[in-house]
Amino acid sequence: MKKKTFIFFLILYLSCMALAGCGTNTDLQPSGTIPPATDETGSPAPDATVPDNTTTPDDPTVPTESNVPDDATPAPDVDPSASSTPSVEEPDASTEPEPETSPEPVTGLRDNTPRCLVPTASGSAETHNDYASIDYSNASEGYFMACYTGTCAKVKMQVKGSNGVTYTYNLNNSEYVAFPLSSGSGSYDITILENVFDNNYAICLAETINVTLSNEFGPYLYPNQYCMFSSSSRTVSLAKELAEPANTDLDVITNIYNYVIESISYDYDKAATVPSGYIPNVDSVLSSGKGICLDYAAVMTSMLRSQRIPTRLEVGYAGDAYHAWISAYISDVGWVNGIVQFNGNEWELMDPTFASMVDESELRDFISNGSNYVVKYLY
């Protein structure tokens, strides 16, 4: 009886051990998969290779058709139709493509707020008659104003400064127009003349004024007959956009210069038919994208003055050609004549008309010879 009881308990014990696995690891690996070898820390052993088979089209590190730019082009010498071109997997239909975002506009360190000075005829210092008026109330700022209200169809005005240079303007405006006192401080003779017949003129009104400039740059900051602009001008708002990424005045000059020579083409037809006394309309020049040398210079002058950069519109001779170009004033540098900047490799030129027409090396050689440019008038 005891023997039978012992055998019964022995069989029961062995059955329990079999069910418990006797302490043996019973986790089974998937068929055909070999686990990577590991060291005693649990990390893959140095010689172990872990197959990388986890990448899917939904993985953001893998290019899919939704993030390949529409205008992408193959590298040079690569045939986009060749069979070796890698295919792109279709993205999961449930995955929304990331919305495209526009790059943030670059804002420079320099304040690009326009400053459009407004010339005025305040009447505190003036002379007039029934046909014309000369207002020099703000001569110390570098300008005077004049208008003609008579009936003569051809009226001119001559301004002679203390340097002996005589400027001749057409004056057919019934409202005041500003004119620069380009000779600086000193005495000026201002004479308004009416045409009598042919090229003969009679004096309508004359005045001599003595000027002491309160700001030597005044004549080159205000708008005048040759570069008319205001806060509502497209020219001014465009200058603000071009100046936005600029850190310095030199950056502003460079940005505006590059825009003008790339956006305005020379109008040969206009050059062949332009009348004497032609006055640029800077906004019209920008709209048409065409102009003559005076147009190029007037557009740049207006833009730069609206950005508080003193700018001279210069007229004279470039070689044998009657021509217009600009110079601009930069603090700690002075007047920049003919050249914008040295960028480390080459000089950037500042004759906007020639720069849009001829080879740069040829232009540089021409401008670098100062005798090729002879200034007659400053506006």
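Everything numeric here is computed off the predicted structure, so don't read it as measured data.
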Legend entry - NZ/NE/NH1/NH2 to OD/OE distance under 4.0 Å, D269 and K290: no

Inset, instruction - State plainly whether one hydrophobic cluster holds both F229 and L378, where clusters connect Ile, Leu, Val, Met, Phe, Trp and Tyr through side-chain heavy atoms under 4.5 angstrom apart. - result: no

Legend entry - N258 (side chain) donor-acceptor with I261 (main chain) under 3.5 angstrom: no

Inset, instruction - Check whether any side-chain heavy atom of T120 lies under 4.5 Å from a side-chain heavy atom of Y143, and answer yes or no. - result: yes

Legend entry - S306 side-chain N/O to P114 backbone N/O, donor-acceptor pair under 3.5 Å: no

Legend entry - Passing option when Y169 is tested against Y278, Y377, F179, F144 for ring-ring contact (aromatic ring centres under 6.0 Å, His included): F179

Legend entry - Joint hydrophobic cluster, Y266 plus V285, side-chain heavy atoms closer than 4.5 Å: yes

Legend entry - Under 3.5 Å: donor-acceptor pair, side chain of N247, backbone of L109: yes

Legend entry - Atom of A297, atom of I326 and distance for their closest heavy-atom approach: O-CG2, 3.6 Å

Inset, instruction - Check the hydrophobic clustering (I, L, V, M, F, W, Y; side-chain heavy atoms under 4.5 Å; chains of links allowed) and say if V196 and I192 are grouped together. - result: no

Legend entry - Test item: D249 side-chain N/O and I330 main-chain N/O as donor-acceptor pair under 3.5 Å: no

Legend entry - Residue pair Y148, C204: steps toward the side chain to side chain contact (heavy atoms under 4.5 Å, CB included) verdict: CA-CA 10 Å; Y148 177 78; C204 172; 4.2 Å; yes

Legend entry - Distance, nearest 0.5 Å, that separates OG1 of T149 from CG of N173: 11.5 Å

Inset, instruction - State whether the number of non-hydrogen atoms from other residues, nucleotides or ligands found under 6.0 Å of N199 atom CG is greater than 12. - result: no

Legend entry - Rounded distance (nearest 0.5 Å) linking atom OG1 of T127 with atom CG of N129: 7.5 Å

Inset, instruction - Would you mind reporting whether P223 and P119 have side-chain heavy atoms less than 4.5 Å apart? - result: yes

Inset, instruction - Any chance you could lay out the side chain to side chain contact (heavy atoms under 4.5 Å, CB included) test for V282 and S233, step after step, and finish with the verdict? - result: CA-CA 9 Å; V282 292; S233 300; 5.6 Å; no

Legend entry - T113 side-chain N/O to D111 backbone N/O, donor-acceptor pair under 3.5 Å: no

Legend entry - Heavy-atom pair with the smallest gap, counting every atom of K156 and T168: CD-CG2, 4.1 Å

Inset, instruction - Flag the pair C293 / Y322 as yes when at least one side-chain heavy-atom distance between them is below 4.5 Å, and no otherwise. - result: no

Legend entry - From OG (S288) to CG (D283), nearest 0.5 Å: 11.0 Å

Inset, instruction - Can you establish whether the number of heavy atoms outside K270 located under 6.0 Å from its atom NZ is more than 12? - result: yes

Inset, instruction - Would you check if L238 and Y259 make a side-chain contact, meaning some heavy-atom pair closer than 4.5 Å? - result: yes

Legend entry - Pair S231-V236, side chain to side chain contact (heavy atoms under 4.5 Å, CB included): steps then yes or no: CA-CA 6 Å; S231 58; V236 171; 5.6 Å; no

Inset, instruction - State whether the side chain of N112 and the backbone N or O of K240 hold a donor-acceptor pair below 3.5 Å, judged by distance alone. - result: yes

Legend entry - Worked verdict on Y329 versus F217 for ring pair (Phe, Tyr, Trp, His ring centres under 6.0 Å): CA-CA 9 Å; Y329 186 87; F217 302 116; 4.4 Å; yes

Legend entry - Charged N-O contact under 4.0 Å between E241 and R234: yes

Inset, instruction - Kindly compute the distance separating OG (S187) from CG (N163), expressed to the nearest 0.5 Å. - result: 11.0 Å

Inset, instruction - Flag yes if M228 and I279 sit in one hydrophobic cluster, no otherwise; membership is Ile, Leu, Val, Met, Phe, Trp, Tyr, and two members link when side-chain heavy atoms are under 4.5 Å apart. - result: no

Inset, instruction - Please go through L193's hydrophobic cluster and name the other residues, only I, L, V, M, F, W, Y counting, with side-chain heavy atoms under 4.5 Å joining them. - result: Y201, I203

Legend entry - Expected output: side-chain Y379 to main-chain V315 donor-acceptor under 3.5 Å: no

Inset, instruction - Kindly indicate whether the side chain of D251, heavy atoms from C-beta on, has any atom under 4.5 Å from the side chain of R110. - result: no

Inset, instruction - Would you mind reporting whether N224 and L313 have side-chain heavy atoms less than 4.5 Å apart? - result: no

Legend entry - Exam field: side chain Y136 to backbone N210, donor-acceptor pair closer than 3.5 Å: no

Inset, instruction - Heavy atoms only: give me the nearest S182-Y167 pair and the separation to one decimal. - result: CB-OH, 3.6 Å

Legend entry - Trace of the side chain to side chain contact (heavy atoms under 4.5 Å, CB included) decision for M303 with L286: CA-CA 11 Å; M303 285 185 166; L286 281 181; 4.1 Å; yes

Legend entry - Under 3.5 Å: donor-acceptor pair, side chain of S327, backbone of W335: no

Inset, instruction - Compare every heavy atom of I264 with every heavy atom of G291, then report the nearest pair and how far apart it is. - result: N-CG2, 3.8 Å

Inset, instruction - Give a yes or no on whether the backbone of Y220 and the side-chain of R312 come within a donor-acceptor separation of less than 3.5 Å. - result: no

Inset, instruction - Locate the shortest heavy-atom distance separating G277 from N170; write the atom from each residue and the value. - result: CA-ND2, 3.5 Å

Inset, instruction - Check the side chains of Y222 and E141 for a donor-acceptor pair under 3.5 angstrom, ignoring hydrogens and angles. - result: yes

Legend entry - Closest approach of S122 to S137 (non-hydrogen atoms, all atoms of both residues): OG-CB, 3.0 Å

Inset, instruction - Can you measure from OG (S133) to CD (E175) and round to the nearest 0.5 angstrom? - result: 12.5 Å

Legend entry - Point-to-point distance, once rounded to the nearest 0.5 Å, from CG of L242 to OG of S237: 9.5 Å

Legend entry - Note, V375 side chain near W325 side chain (heavy atom, < 4.5 Å): yes

Legend entry - Pairing residues for E126 by the side-chain contact (heavy atoms from CB on, under 4.5 Å) criterion, not counting sequence neighbours: H128, D135

